[in-house]
There are 2 protein chains.
Amino acid sequence: MKVDEAELILQLRAKGISPSPQRLAVYGFLKANPIHPTADVIMKELKPLLPTLSLTTVYNTLKLFVSKDLVHEVIIEDGELRFDADLCDHAHFKCTGCDKVFDLFPQKGKPVMEKLPELPQGFTVTGVHVCLRGKCSECGN
Amino acid sequence: MKVDEAELILQLRAKGISPSPQRLAVYGFLKANPIHPTADVIMKELKPLLPTLSLTTVYNTLKLFVSKDLVHEVIIEDGELRFDADLCDHAHFKCTGCDKVFDLFPQKGKPVMEKLPELPQGFTVTGVHVCLRGKCSECGN
DNA sequence: TCCTTGAATTGAAATAACTACAATTATAAA
DNA sequence: TTTATAATTGTAGTTATTTCAATTCAAGGA
């Protein structure tokens, strides 16, 4: 996916985030690579482009993005927090063979969960995480 | 929930796990306290009862239980692996106010997800994780 | 242009969850 | 009782993430 920098700047501004080079790089990477990368992966990929980039900045930036609702945290496995710039309602599929994480988009207009489980009185929902596990077509079964 | 020790021993044996005092204590705690505890919580709770218990044993034991499909791992937040001795298909609800994790059971006989998202050709599913986030009745909204 | 101020970035050190490993202890079979 | 195997333990890692103080950057006013 090719991403226009001017467009990225507008999207950051729209969420009240001033667009520093580091922030643009992280957001641009997430937009261009819907692979749900960890902070570590982002760091490794961007380091050649921004040699001064520090891991702390990557963490700071991601935390800022999450707090401003520009990207979502994706929790697939313990011990690795992943990030997703696609804010549409969708589920994830983790292949237990190759460890890749795939997006599963519902049919247009439908939510990922047709019907939410019944909630106790007084409970309110703000988010739904759905992650399937199994084998992708490459890894067979 | 009161749990009979003889019953626990049978359940361990049924999965090919020899019932040491430590294993019985961990499994009994999980059965009696459906609070999806972390290894750390289990350790803190059991230490007074088994003063020699080590954290390594708790981790070993939980990993063994998971590999023998006696308990399930529950992934709610990053950085903390939780465990659940209830093997029925059910969803979880994490209150972002008090951080408690609640069970959400579907109607009898129904799966948690009525309809799975459409999968690409050749993909096979072995497990479904569903976790809602929001506020419980105590924490209001 | 220079100065000031606050925001953003950085690196080093700390923390937390978890794992590896070698030594000890318990269990069970011969 | 001896022996072999399994389970437990403590210590010392490892890895992901956070804290924090110092530095750098960028914008606005004198």
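To find a chain, count down the sequence lines: A is the first, B the second, and so on, and within it residues start at 1.
- The one candidate from A:Ile75, A:Ile76, A:Thr38 that meets the side-chain contact (heavy atoms from CB on, under 4.5 Å) condition with A:Leu81 is A:Ile75.
- A:Phe83 pairs by the ring pair (Phe, Tyr, Trp, His ring centres under 6.0 Å) definition with nothing, not counting sequence neighbours.
- Between the side chain of B:Asp84 and the main chain of B:His72, no donor-acceptor pair closer than 3.5 Å is present.
- B:Thr57 comes within 4.0 angstrom of a nucleotide base, judged by non-hydrogen atoms across all strands.
- A donor-acceptor pair under 3.5 Å links the side-chain atoms of A:Arg23 to the main chain of A:Ser18, judged by distance alone.
- Taking atom CG of A:Leu50 as the reference point, atom C1' of C:dT9 lies 11 Å away to the nearest angstrom.
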Donor-acceptor pairs under 3.5 angstrom involving side-chain atoms of residues 41-51 of chain A: please list them, not counting sequence neighbours.
unit_1	atom_1	unit_2	atom_2	d
A:Lys44	NZ	A:Asp40	OD2	2.7
A:Lys47	NZ	A:Pro51	O	2.8
A:Lys47	NZ	A:Leu53	O	2.9

Hey, can you pull the donor-acceptor pairs under 3.5 Å for the side chains in residues 95-104 of chain A, sequence neighbours left out?
unit_1	atom_1	unit_2	atom_2	d
A:Thr96	OG1	A:Gly134	O	3.2
A:Asp103	OD1	A:His36	NE2	2.8
A:Asp103	OD1	A:His90	NE2	3.0
A:Asp103	OD1	A:His92	NE2	3.3

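- Contact detail for B:Phe29 and B:Pro37: the closest heavy-atom pair is CE2-CG, 3.9 Å.
- The distance from atom CD of A:Gln22 to atom C1' of C:dG11 is 14 Å, rounded to the nearest whole Å.
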Does the protein touch nucleotides 13-30 of chain C at the base, only the backbone, or not at all? Give it as B, S and - per nucleotide, heavy atoms under 4.0 Å. ----SBBBB---------

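- Nucleotides of DNA chain D with any atom under 4.0 Å from a heavy atom of chain A span, from 5' to 3', D:dA16 to D:dC20.
- Partners of A:Glu77 according to the salt bridge (charged side-chain N to carboxylate O under 4.0 Å, His left out) rule, which considers only residues two or more places apart in sequence or in another chain, are A:Lys94, A:Arg133.
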